[in-house]
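Predicted model only: the values in this text are computed from it and were never measured.
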Amino acid sequence: MNGLNDKQGEAVQCTEGPVLLLAGAGSGKTRVLTHRIAYLIDQGINPYHILAITFTNKAAGEMRDRVDQIVSYGAESVWVSTFHALCVRILRRYIDRLEYENNFTIYDSDDQKAVIKTCLKKLNMDPKQYPERMMMAEISKAKERFVSPQEYDREASGQFRKMQVAKVYNEYQQRLKQNNALDFDDLLYKTVELFQFHPDVLEQYQERFQYIMVDEYQDTNHIQFLLIKQLAAKYRNLCVVGDDDQSIYKFRGANIYNILNFEEEYPEAKVIKLEQNYRSTANILKAANGVIANNEGRKEKALWTKAEEGDKVHFSLYDTEYQEAEGVVKEISRQHKNENRAYNYFAILYRTNAQSRIFEEKLLMHNIPYKIIGGQNFYGRREVKDMICYLKVIENGMDDMSVRRVVNVPKRGIGATSIDKMQAYADTYEMSLLDAMFEASNVPGLNRAAAKVESFTNLILDFRDMLKEGVFLSELYDAVLEKTGYWDELLAEKTDEAEARMENLTELKNKIVKYEQEAEHPDLAGLLEEIALVAEVDNVEESEEKVLLMTLHSAKGLEFPCVFLGGMEDRLFPSGMALNSDDPDAIEEERRLCYVGITRAREQLYLSAARQRMMHGRTDYNPVSRFVKEIPKDVITMNGNGSFAVRRQEQAAHEARESLNRKSASVTGKPYSFGNTGGKPAFGKEFKVERLQIDYGVGDRVRHVKFGEGTVTELVSGGKDYEVTVEFDKVGVKRMFASFAKLKKL
DNA sequence: CACAGGTCTCTTTTT
DNA sequence: GAGACCTGTG
């Protein structure tokens with residue numbers, strides 16, 4: 001049916017009862033899942049009863065689009081989402097049953113760390129002895145096992161260190177609750193808890209989700225397993241899709257036994273294997289199979305393809321990481337010029353985010369457009385975080401953590417001493433820090449600071465009023481930037497760094513506007529949610545002609561015609577941690593990661609390594625990765641001294657010159673400036689400013705990607721952009737910015 | 001109270 | 001190489 005192979009067809013039609021779909025890399029599992037959804041609807045199942053859980057928002061979006069394409073009616077009521085987004089949606093509705101407020105805030109790992117820090121302080125524990133990182137990891141692991149602070153304490157009995165962790169875990173959880181905040185793990189934990197203690201709520205969702213599909217099942221952890229188990233318990237129509245060879249999130253608690261033992265949990269399960277690869281050339285697949293064959297304890301499967309051999313896999317060993325990056329960028333440039341490859345034909349993958357910098361530097365020098373995914377998270381940047389915390393405070397006044405962060409940013413003369421006094425007051429009267437600030441004049445010992453505090457609280461009140469009056473979120477954001485003086489302060493600085501920060505703030509505004517355009521019911525909570533849950537990889541537009549750079553982990557689920565895999569050295573990949581570990585599975589997980597990397601490539605695969613590399617401020621000399629040696633000799637070409645292509649001398653001369661340039665460039669510090677390339681580092685900024693041109697006017701018929709067709713009713717020029725009002729046939733009147741709406745004239 | 005400059009440590013992957 | 005923390009100065 002529909003061009004599916006036998007196995008795929010079987011998987012599609014096997015709709016009742018539990019199904020385990022073992023789908024090798026590139027075997028068309030997304031295709032199967034979407035067709036399965038279509039088939040279910042075709043069989044008369046109400047789309048409202050279908051739930052599909054994916055690993056990333058991007059995967060969710062893609063599935064949504066594909067389902068929309070093949071299903072004529074009702075596709076939109078299929079619930080396609082990530083685990084976390086699903087939980088947020090459930091909790092927004094019912095978390096009051098667990099005595100949280102429904103407008104809870106989601107804490108990211110920075111916030112978590114700050115909370116842990118205060119906990120340690122309160123408990124008089126030495127952060128040197130109990131590092132925050134370790135505490136976070138322990139607490140996270142406990143939550144992944146669905147172990148409460150009390151249970152953890154019981155488990156710990158007698159073990160001093162664990163008992164200390166238990167204390168912190170307990171304190172941490174109380175603080176989160178006080179702040180009306182949930183961390184990432186809580187989203188799952190609290191949902192499972194909700195279902196456990198409120199069977200009526202669970203039943204409602206069991207009735208709703210009569211058909212459940214879970215993608216990337218090999219990367220689910222125990223609590224996700226529990227959640228699925230709860231939801232599927234009544235109808236048992238559960239289809240999980242995964243590949244044990246692609247399990248790469250053990251560090252995050254992923255439990256490979258979820259997939260290996262699926263048949264024990266669901267004895268009536270039907271198991272279907274998809275082993276035909278439709279993605280890669282035969283040589284690439286051979287390389288991948290050769291590597292993964294070195295792992296023990298995997299479900300036996302043999303990925304095969306009808307595709308032709310294709311090019312051999314290239315491997316090049318360079319002297320330094322700079323030469324490596326230069327070699328990679330040169331090859332991209334050569335193919336772009338000589339073979340007419342668009343830049344989005346290529347992806348550069350690596351084990352650690354730190355490796356991206358040198359590639360970025362070289363791409364800038366060659367004026368090649370690129371986009372880096374992840375790394376120093378955009379939302380983790382100081383200025384961006386500051387603005388988001390303002391928004392969080394506006395939304396949830398119980399969020400002390402965010403209040404503390406912004407109360408003196410920009411400087412208002414409210415220092416640590418004043419905050420401590422107000423905190424003490426808040427503790428005494430059992431109120432939030434912000435509420436204490438509203439009563440600043442009553443707080444003993446504040447004196448002159450009280451007036452300053454009042455000016456801060458007045459700002460927050462003003463912002464809340466604006467929100468009540470129904471302003472656009474982007475307008476609120478502008479107001480925050482302006483009224484807090486944040487923007488003016490940066491403006492006055494007139495440094496490159498301040499300018500870079502302002503650009504990031506503008507970028508944040510763009511994201512807010514975009515959210516407002518695309519969300520069905522945009523509101524502040526929804527915006528903050530999206531910021532917390534949507535990873536950068538989710539926003540990758542295939543159509544953008546840019547070289548993509550990302551970690552191997554981020555690349556999971558994606559594919560590219562040509563993949564460069566850098567840093568193929570022992571201690572980097574596999575990581576030093578894995579090599580030192582006494583757990584033999586650590587290396588196997590790295591190997592699976594390598595397998596994932598190789599299988600991202602459709603046509604060409606370039607591996608590279610450097611003899612010498614600066615790591616953590618030190619020059620390391622590491623041997624070529626063992627994984628390279630595991631690739632069958634007949635599918636790989638080895639090149640001992642740099643340069644994938646031919647012109648070696650020419651390149652060496654060039655590199656000598658550039659190494660000089662680099663020295664002068666690197667001392668200038670963060671905001672690189674390489675002449676007039678027009679490129680900017682980080683976050684994949686646009687390389688050209690697009691002139692906004694619109695070819696429609698009032699009265700014209702237009703089409704929007706999401707809202708469908710409609711008529712333009714108003715067009716207001718606002719600076720560089722236009723504000724367009726469109727009356728859509730299906731979704732009614734929407735106001736939007738022309739630059740984001742991308743309306744097509746009909 | 002704010003800021004600059006020094007010293008220290010820990011290096012992986014992320015929803 | 002980056003971030004956290006401390007200390008001295010204005």
Under 4.0 Å: is that the gap between some side-chain N or O of [X] and OP1 or OP2 of [N]?
X	N	result
A/Ser109	B/dT14	no
A/Lys117	C/dC5	yes
A/Asn408	B/dC1	no
A/Ser418	B/dC1	yes
A/Asn221	B/dT15	no
A/Lys411	B/dC3	yes
A/Arg613	C/dG1	no
A/Thr352	B/dT11	no

Atom CD in A/Gln355, atom OH in A/Tyr350: separation rounded to 0.5 Å?
->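 Taking CD in A/Gln355 and OH in A/Tyr350, the distance rounds to 8.0 Å.
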Geometric cation-pi criterion A/Lys190 and A/Tyr100, 6.0 Å radius, 45° cone |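 Output no; distance or angle outside limits.
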Checking A/Arg405 against A/Tyr390: charged group under 6.0 Å from the ring centre and within 45 degrees of the axis?
->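 Not flagged: A/Arg405 not positioned over aromatic ring of A/Tyr390.
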With the side chain of [X] defined as its heavy atoms from C-beta on, choose the nearest nucleotide among [options].
X	options	answer
A/Ser575	B/dT12, B/dT14, B/dT15	B/dT12
A/Arg357	B/dT14, B/dT12, C/dA2	C/dA2
A/Met577	B/dT11, C/dG1, B/dT14	B/dT11

Considering only the C1' atoms, how many Å lie between C/dC5 and B/dT12, rounded to the nearest integer?
-> 24 Å
Integer-rounded Å distance: [N] [atom2] and [X] [atom1]:
X	N	atom1	atom2	value
A/Lys250	B/dT13	NZ	C1'	14 Å
A/Ile53	B/dT15	CD1	C1'	13 Å
A/Arg382	C/dA2	CZ	P	15 Å

Answer yes or no: is there an ion pair linking A/Lys250 with A/Asp585, defined by an N-O contact shorter than 4.0 Å?
->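 Counted as a salt bridge, because a side-chain N and a carboxylate O are separated by less than 4.0 Å.
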Is there a side-chain contact between A/Asp219 and A/Lys556 (heavy atoms, below 4.5 Å)?
->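 In short, these two side chains touch, coming nearer than 4.5 Å.
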Closest-nucleotide ordering on DNA chain B, the 5'-leading residue of A/Phe55 and A/Ala449 =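 Residue closer to the 5' terminus by nearest nucleotide: A/Ala449.
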